[in-house]
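Heads up, the thing below is written out as structure tokens.
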Amino acid sequence: MNDQQQTLWQFMQEQSDKLLTQTLEHIGLTFISLFLAVLVGLPLGILIARKRKLSGSVLGVAGVLQTIPSIALLGFMIPLLGIGPKPAIVALLLYALLPIIRNTYTGITGVDSAVKEAATAMGMSKWQILLKVELPLAMPVILAGIRTATVITVGVATLASYIAAGGLGEFIFGGISLNNTNMILAGAIPAALLAIIFDFLLSRVQNLNLKKINTATKVLPLILIVLASLYLIPSAYGSKLTAGFTPEFMGRQDGNLGLKSKYGLKIHTIVISDAVMYKAAYEKQLDVISGYSTDGRLKAYDLVVLKDDKGIFPPYYAAPIVRDESLKQFPELEKTLNLLSGKINDTVMTELNYRTDYLHESPERVAKDFLVAHNLWKPERGGKDGVVRIGSKIFGEQYILANMYSMLIKGYTDYDVSTKTGLGGTKICFDALTNNQIDFYPEYTGTGLLVILQPSIKTINLVETSKEKTYNYDKQEFESRYHIKWLQPIGFNNAYALMMRQKQAKDLHVNTITDLKNYLERK
Amino acid sequence: MIKVEHLGKHFGKVKAVDDISFEVAEHENMVLLGTSGCGKTTTLKMLNRLIEPTHGKIFINNKNILEQQPEVLRRGIGYVLQNNGLFPHYTIAENIAIVPQLLKWDEKRIQYRVSELLEKLHLSNDYLNVYPNELSGGQQQRVGLARALVADPPVLLMDEPFGALDNVTKAKIHAEFKALDELKRKTIIMVTHDVQEAFELGDRICLMDAGKIVQSGTPADLLLKPKNKFVRDFLNEQRLELEFRAIKPPPPPEGGTFELHGKALPADISLWALLEQLKFTEAEHIAVLDHQHKEIKKLSFDDLMSVFYNYKKEQRHE
């Protein structure tokens, strides 16, 4: 445990400038959104306190916004506002809105009616009553709403890194993808601390007496603006092209680190989630992205893969990995899973992915069509001999594979199947496997090597040279370390690849990563 | 001073105030008396346009108030509420200074006026910088009164001003209220459901029921010449006490006073108050003094009682 803490501390020291940037971005993002939310929410709250008939619908809409899952809300923003800070700020603003509107409304309607009547009877105008009586008296309740909104926003802001808006989410999601606990904690602990600190500070303000609150509310907007401006500091950048890399790619030796060390590529980079990256490239928000070579969106968005002329992306052959115990428990399993071995090459996989990712066909249908076309499909036998639990990561290809395996098991054996699809990243999937939550899931040789085994650079350079060497090393090490067996590869190679829009690549005469580097270095 | 003509307020089909008319003379204290829901508070609130009338006219100093800007109108009318309505986030000084601030008085004038009023209302200057919740109910009500009086408005509207106080505090404040010189210059309309209070403080009483005025007149008029059964029944419970309060002994000659143990009593004191004083001090007589402060007569308990009997007799003969 002590050892673990020390390495976390070391990690944070090593990455201190990144950590600082992310923390400042996080604070800035939180407070820009919060500031705007107050700017919108406070007048709305006042409005519905005046016109109570509107209160139901306004609070209703704000409530519905609150229930939209944060990732979905961020997703909705992309077609409207693109990627980066703008959609993130709008999404966070929408989340912060409900507590602010509701508490403003409650606070103002809760002001003693005798006090309001006295104010009116003394000849105060509506504005004077609002500013001198209602708002000051409602302020503790309004501040409580702002406090709730702050804590919500600090939390949701971690998701902003999905759409390239930065913040501590970069570490958290990078860490999950890279199976790097220290990286997760380096993002999660500061995020939690920020929430606790801001909550505490605002609770102090809230508990001041009414007189001091008035002074506090005059100072507070200034503090908000200062904190919000933190976000603008790190965003001073400029480069000919913009790259969008996933958090996972950012921290990998066969990703951004390799691009820097082996190619010397210097490009302005933002961190973005895989889910929106391709579309952003298509919509010219990004120029270079880190994709997967079999991704269906490659075809859908007319992107082209840059040739990896220095060979930094190792082979990523997909194969199911299964717990040894599960193989014993389900003797038929290995034979059944191997039915798919060698059946799907790169082109086929890209095509299948295209159908789910772009044509929006269900992974189930795509899987069945494929099995039927290759005479592999058999009707269900209504399994009664126990349940095989299949896992999958959270992207289309894995869903298709999981569905194929499910159908094969049901058709060829007497086992039933439960699928746990959409397990975040490699770490979540692999932890589920080692902790006996699932029996198997499709993994990639390169991921097994670099993310899970994490051997020394020397070993990596040695085994990375061919697909057989990588596969064999993985197979041997997984067996001895985790009692997990790599079955036969499915056939396709889903490696990392840098991609650009076909037209842009042609215009700039960029075919390889070296071409890209040379283009960027040209002044 | 105040003239109300065919005033009415309808809430849907309910006629809260149903076509009433009355007048209040300058410096008069008129009490709107009645049970809950009789329309007395609605009537009062129409006078400073907290409630807009459905029909009718209201004139203050011959000006139709419905044609004035409500905020300006209200700054010239003092208003005292039952639950005082003090601003909890303002100090006592700030609370009292609200209207002068609105009228943009200079700071010095405000300060002077605030401490002047506090003194008149028997509140120490130490209270200037405390908040209302640190004061007792009686003190809060005094501050409420000070706030209404601060800009010296000619008209004062009071909505059950002493309704939330206990009897002992109420009696004390009643006494102060009657003694306060500022109030003698005001035209006051006060709403209450408390018959004793109405008799004690009102020059004239408007007894209301179901949105209409049943009878309007001096306390003695209502008591001794009730217009109908409703009026008689309304006052019946405390009739004896009210009669003693309504009847006054023959006043001392012009410029003279009553005196008890060397302490002067007001010339228009009621029979009830005199009897109370007699009992309280255990004295035998009340002295009647002339303008030269010479005793011309002694009033004993029996003398006072015979005043009462004579009055009752006269009423019966009328």
Side-chain angles (χ1 to χ4, degrees), chain A residues 42 45-46 49-53 103-104 106-146 202 204-221, chain B residues 41 44-52 68-91 94-104 129-134 140 143-145 147-151 153 155-161 163-164:
Chain A
L42 202 64
I46 294 168
R50 288 270 183 279
K51 303 198 176 352
R52 308 249 172 128
K53 274 185 197 160
N103 282 43
T104 306
T106 314
I108 288 184
T109 49
V111 172
D112 185 0
S113 60
V115 172
K116 278 194 262 189
E117 189 181 298
T120 316
M122 279 186 290
M124 285 182 138
S125 69
K126 280 194 174 158
W127 273 104
Q128 286 169 327
I129 294 174
L130 179 68
L131 295 176
K132 293 189 171 167
V133 180
E134 289 176 310
L135 281 181
L137 289 177
M139 204 41 79
V141 184
I142 297 176
L143 280 176
I146 295 178
L202 281 166
R204 293 296 294 267
V205 176
Q206 199 187 334
N207 291 333
L208 291 175
N209 65 35
L210 285 166
K211 193 80 194 172
K212 285 187 188 145
I213 269 190
N214 279 344
T215 337
T217 44
K218 276 168 204 145
V219 183
L220 223 50
Chain B
T41 297
L44 186 82
K45 286 184 179 175
M46 284 192 280
L47 296 180
N48 64 355
R49 295 182 60 184
L50 287 178
I51 296 175
E52 293 292 334
Q68 280 173 273
Q69 200 195 331
E71 284 82 22
V72 176
L73 168 77
R74 288 172 191 144
R75 284 170 205 170
I77 299 178
Y79 187 67
V80 183
L81 297 80
Q82 174 174 11
N83 295 314
N84 68 60
L86 295 178
F87 293 2
H89 58 308
Y90 276 29
T91 61
E94 287 168 336
N95 260 293
I96 299 176
I98 292 168
V99 179
Q101 296 279 10
L102 292 174
L103 295 171
K104 302 198 166 64
N129 292 314
V130 305
Y131 288 88
N133 63 0
E134 297 167 63
Q140 288 181 13
V143 175
L145 187 60
R147 188 175 64 175
L149 290 174
V150 65
V155 176
L156 193 60
L157 304 179
M158 307 179 87
D159 184 10
E160 308 245 7

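Sequence lines set the chain letters: A, B, ... in the order given, protein chains first and strands last, and positions in each chain run from 1.
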Of all pairs that satisfy salt bridge (Lys or Arg N to Asp or Glu O under 4.0 Å), the ones with a partner from residues 74-89 of chain B, not counting sequence neighbours: none

Heavy-atom contact with chain A under 4.5 Å, split by part of B:Leu157: neither

Chain B contact via A:Lys116 - side chain, backbone, both or neither, heavy atoms under 4.5 Å: neither

Most contacts with chain A, counted as non-hydrogen pairs under 4.5 angstrom, among B:Gln69, B:Gln101, B:Glu71: B:Glu71

Those residues that, when tested against A:Ala119, pass side-chain contact (heavy atoms from CB on, under 4.5 Å) (two or more places apart): A:Met124, A:Ile129, A:Val133, B:Phe87

Largest heavy-atom contact set with chain A, pairs under 4.5 Å, which of B:Asn48, B:Val80, B:Leu50, B:Val99: B:Leu50

A:Arg52 and A:Thr109: CA distance, side-chain angles, deciding distance, side chain to side chain contact (heavy atoms under 4.5 Å, CB included) verdict: CA-CA 9 Å; A:Arg52 308 249 172 128; A:Thr109 49; 3.3 Å; yes

Heavy-atom pair count under 4.5 Å with chain A, highest-scoring of B:Gln82, B:Arg49, B:Lys45: B:Lys45

Under 4.5 Å from a heavy atom of chain A, the part of B:Ile77 involved: backbone

Residues A:Arg50 and A:Glu134 bridged, charged N to O under 4.0 Å: yes

For the student: nearest non-hydrogen atoms of A:Val141 and A:Asn103, plus distance: O-ND2, 2.9 Å

